[in-house]
Every structure is written in structure tokens, then in C-alpha cells.
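Notes to accompany the following structure.
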Amino acid sequence: MNRRELLYLLSALAGLGPKALAQILENPARLYELTPYGDATLLYFSDLHGQAFPHYFMEPPNLIAPKPLMGRPGYLTGEAILRSYGVERGTPLAYLLSYLDFAELARAFGPIGGLSALTALIRQQKAQVEAEGGQALVLDGGDTWTNSGLSLLTQGEAIVEWQNLTGVDHMVSHWEWTLGRERVEELLKRFRGEHLAYNVVDELFGDPLFPAYRIHQLGGHAVAVVGASYPYVRVSHPESFTEGLSFALDEKRLQEAVDQARAEGAEAVVLLSHNGLQLDAALAERVRGLDLILSGHTHDLTPRPWRVGKTWIVAGSAAGKALMRVDLKLWKGGIANLRVRVLPVLSQHLPKAEDVEKWLQERVAPHRPHLFEPLAVSETLLYKRDTLYSTFDQMVGEAVRALYPEVEVVFSPAVRWGTTILPGQAITRDHLYAYTGFTYPELYLFWLRGEQIRGVLEDIASNVFSPDPFYQQGGDVSRTYGLRYALDPDAPTGRRVREVEVGGKSLDPNRRYLVAAYGGRLQRVGEAKAGYEPRPIYAVLEEYLRGMGRVKVLPNPNVHVLGRTYRVPEVKG
């Protein structure tokens, strides 16, 4: 990082004066040395998705919002998010926040994340706080154990080991449960921190499985951390993973947990949440006594806290891009004020945690040839995040059609996790797992009638574009290949999808179409293709990539959005 880049970073992140800037230019390590503030510190990250190694992760070019929610945090992207937070284009914080100039900034600042660098940063910040006589908690917002090669190959165990090495105090959960209830409960016994969840209960009797909260004495004040795991686990994933459990969004139970924590002496209440930013904002308006929500699930990053009613909300980014440092100024009535700093995990510019580095090398050693073998080279930018479309999902469609030319429509799940591959970068199995690291990865081929396809598209649009966050169940719009349509996000339910075409012809409601899909449950409503044996999607992609050697995916969005401007990033090398 040169002086100009460092100057941009400091200006964007800290708003420092000339004297402080000059001092840090003499010693770049002081970038992460913050002046003392307040009575207690929360070191927060979320949605790591098992990404063990430094990688690239581009923010979405498009975040299409229902009209009543337009302009809110969580729906800002590109120039809009930079303007909103006063971030200059071309700075490291712009690299974290926006898709603009992504390939150039990725080459300038290098990859982000990695377990070793993140641990080193957490330890450095915690030691700094403690040296000043303060106390810090390390909080994990969930979606940590799964969706990577190392996670899949160790069934989540390696990531729990990393949490223990790092010293995570509390966590909540979502994708963790796709390992299966038995495995999750086994790993939680090995986790040295504490899983909090007011809303994970026995489905039959309503008994809680975990503590709803824990009260900590910080800076002479009592601070309660309440846990909220993802409320739609049973809707989003096969029910067999969590048989006998309920994850319902229960406002009454949450209010009771907050009230009970207050009755036990908590002066401030922090909700460690995996609800998503919009749902957390709605809860902030309806649940009394929440001082701060640390929001995960939707992969948003808020350089400044969002004030909703009497509650501050801070979102914790994703993929190991940043560590959020939240310093609290406390009083008997709760949180008097707070300071939020985004600490970017620029892995080339941070020290490594030597013990984590050694542990990681040993853990990966048996799997290294499998994970890091080059399968092909991408000539263009491959990315995942977007409301409607991505070049990675287009490549999936091309791969499925190349291997199964009889398939007419391909559905890909719109998960927010993944990675980004730069032009000229080799694609490895580790990359494929970062995109397709499901514990239910099978690609199914099955028949659907045209009216069923339209119904699926309408149901997805109803979920994503509901103006009421209580009716949104997370995720973006499922991607399709071989199919084109127009989308009106502001139309009434059941009338958002128009002009559907398959293979250049209008969708016939009565005709059967051969569909391919993975990472979901769509195959349940169709008729399985006779003689086809489902295969893991990453095996299908590996076969395709090996056959191609080099891939070039030029953007070709297949959804026309009415009433919105839709942007496609530059993807050429």
C-alpha cells in the first residue's frame, strides 16, 4: 500500500486531522490503532461462510428494492453507497463497499480475509483495548461454519477449531444447521464460546435449546448480549436437517428475553442477530429496550450506525472482508453513544497469527492437492452477488446445458455467499466450493409445466420484493438460464413477472419443460427425468471446466427490470 492509498484509507475510515495523518504515514501499522473511546468494545464479524483463505469478494452491482424501502441501508450500491457514507472512489473502503473499479482495486489492494489475518486483527484490537484498561467481547454473527471447501471436507470441525483459537465469546447460527442437527449439537459441545438464541426451541414443547442471553460486566456496567438465530431455517433448507426444532420469529419471546435481562440488572441490551438488516430495522421499531443490534445474514456493511427509533444498528459485512469495532459509551440507562470503525482485513497488509497459520497449514495439508488444483482459467470476472443475475450463475447454466443439452431451463439458488474470480485467475475446486458449498449439492433434472415455472418465479418475486420485511425470507432472486422475463418489483403479488420466454418462445403454460436445479427443493414439485442420477453441482462444473480449459463469460442478464436502472459491471480482463 503506497502513501496515497494509505492517505485515502485514513481519510475515509477515520476522519483524522493532518497531524494524525502525518504520524500514521510514518508508521502504517498505526492504521489500526484507535484512540480510546467509551467503556466497552465489541469486535464483531458475520457471514464468514467458512472462507479460510484470502480471496476476492465483490459487492453487488444491483440491489433492487421494493419502492417503500428504496434508499435505505441495505439497498445502496455503487455510487449511491459511496455518496451515502462519504467515501471517495478508489479508496480501500470503496473496495470493500462498492463494485466500482473492482478488478483494478483488487489488484491494487490484494485479496481480503483469511482466517489467519482475521485472527491477528481481532487479537491486536483486543490487546489494544485491554492495554488501555478496557474490555472487549468477540461476537460472531453466524453463517461461519459452512459453504467452503475446508468446511465441507471437515464437516465444519475446522472452523470451530478456528473460533476456539481466536477466542469467540458468542455466536448465533443459520447455515450451520445444514450440517444436520446432530452434527451441530456435537460441534457446539466443542465450541469454547457460547451459542445464544432466544428463538431456537423444541418444536413440540417450546423449550429453549440455548440461553437467550448472557450478561457481561464491561467497564463497570452490565451489558446483555441476546442471540437471534435465523428465523426461517426450516423454510430455506430441507426440514430433515432440523427435525424437531423451531426457529420462529417470535416477537413476544424476544421482548421477554430483553425484559428479563433488564430485570436481572442489564443496563444495555445488544441483539446479536442473524435476521438480516431490513428485518432488524423492523424489529427495532417494535421491540422495546434494544440499545444496539449487530445485524448479519444480508451481508451488508454499515460504516456508520443506522439509528432506528431508539436503537442503533450495525451490519457486519461478509466473507471475512472486515472486522467491525464498536466502542460503547455506557450509562445506567443504556448506551449513551458509540463509535463504529470498519477495520478492513486486507490480508497482504496485515500480520498473520502464527499459531493459526501453523494450524491451518496442518489442517489443509491432506486436502491441498484436491482443493487447489487448477481446473481452468477465467478470462472474465466471475462474481455471485446481485439481486437478479451473476456471471457465475450464467456459467453454471452454460455448463449444465453443455453436459445435458436436453435441459431447457436451469435454476441456480440466489445465495449471497461465494467469492469473486478476477480475469486471468485460475479456477480451483476451492473456488467451486466457495460458490456451491452445499451439504445438499445435487443437480436434479425434472419436468415442470409452464404454469408451474411462472408460479415459481412469482413466489420468489413475492418473497424478495415484499415491502414488509416480516414477509421477506432472505436471499436474492433465483437465477435462471434459458429463460427470459420482465420483472415489475412494484406490481401486486402474483403480477410481478411478465413476458416469460423459453428458448426465444413465449412460455406455454400447458407444456412440460425439462428443468435443472440444485441447492433447493424445486425438484419436489416436478417429475424426475427417468434414468438420470443426480450429481453434485461442483462435480458437474469440474467436468465442464476441465473440458473447456479457459472460460469467457460475457454478461447477458436475462431479466428486464421495469422502473429501475440495472447495471452490469465491467468483466473483461
Do [X] and [Y] sit within salt-bridge range, that is, some charged N less than 4.0 Å from a carboxylate O?
{"X": "R495", "Y": "D488", "answer": "no"}
{"X": "D490", "Y": "R564", "answer": "yes"}
{"X": "R181", "Y": "E203", "answer": "no"}
{"X": "E186", "Y": "R183", "answer": "yes"}

Exceeds 12 heavy-atom contacts within 6.0 angstrom, atom OH of Y471: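 For Y471, atom OH is not crowded (no more than 12 foreign heavy atoms under 6.0 Å).
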- prompt: Under 6.0 Å from the CD atom of E406, do we count more than 12 heavy atoms belonging to anything else shown?
  reply: yes
- request: Verify the distance criterion only: is there a donor paired with an acceptor across the side chains of T178 and H237 at less than 3.5 Å?
  value: no
- prompt: Given the rule in the side chain to side chain contact (heavy atoms under 4.5 Å, CB included) test, do I64 and L487 qualify, once you have shown the distances and angles that lead to the verdict?
  reply: CA-CA 11 Å; I64 306 298; L487 172 71; 5.6 Å; no
- request: For residues L150 and A52, report the shortest heavy-atom separation together with the two atoms involved.
  value: CD2-CB, 3.9 Å
field: Geometric cation-pi criterion R511 and Y513, 6.0 Å radius, 45° cone
entry: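 So R511 does make the cation-pi contact.
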- request: Could you check S151 against T146 for side chain to side chain donor-acceptor pair (under 3.5 Å), going step by step and ending with a plain yes or no?
  value: CA-CA 5 Å; S151 167; T146 59; 5.4 Å; no
query: Hey, are the side chains of Y544 and M395 touching, using non-hydrogen atoms and a 4.5 Å cut-off?
result: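 Sidechains of M395 and Y544: in contact.
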query: Going by the salt bridge (Lys or Arg N to Asp or Glu O under 4.0 Å) test, which pairs reach into residues 420-440, not counting sequence neighbours?
result: E373-R429, R429-E542
message: Test side chain to side chain contact (heavy atoms under 4.5 Å, CB included) on L522 and V456; report intermediate values, then the result.
response: CA-CA 9 Å; L522 184 58; V456 168; 3.5 Å; yes
query: Does the gap between the ring centers of Y383 and F102 come in under 6.0 Å?
result: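 Ring centres of F102 and Y383 not closer than 6.0 Å.
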- prompt: Hey, would you say the Y230 and F247 ring centroids sit under 6.0 Å apart?
  reply: no
query: So, does E59 use its side chain to make a donor-acceptor pair with the main chain of Y99 at under 3.5 Å?
result: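 Not confirmed, E59 side chain does not pair with Y99 backbone.
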Step-by-step side chain to side chain contact (heavy atoms under 4.5 Å, CB included) determination, V497 to I460: CA-CA 10 Å; V497 176; I460 294 168; over 6 Å; no
- request: Could you pull out all residues at least two apart from D393 that satisfy salt bridge (Lys or Arg N to Asp or Glu O under 4.0 Å)?
  value: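 Only K384, R479 meet the salt bridge (Lys or Arg N to Asp or Glu O under 4.0 Å) criterion with D393.
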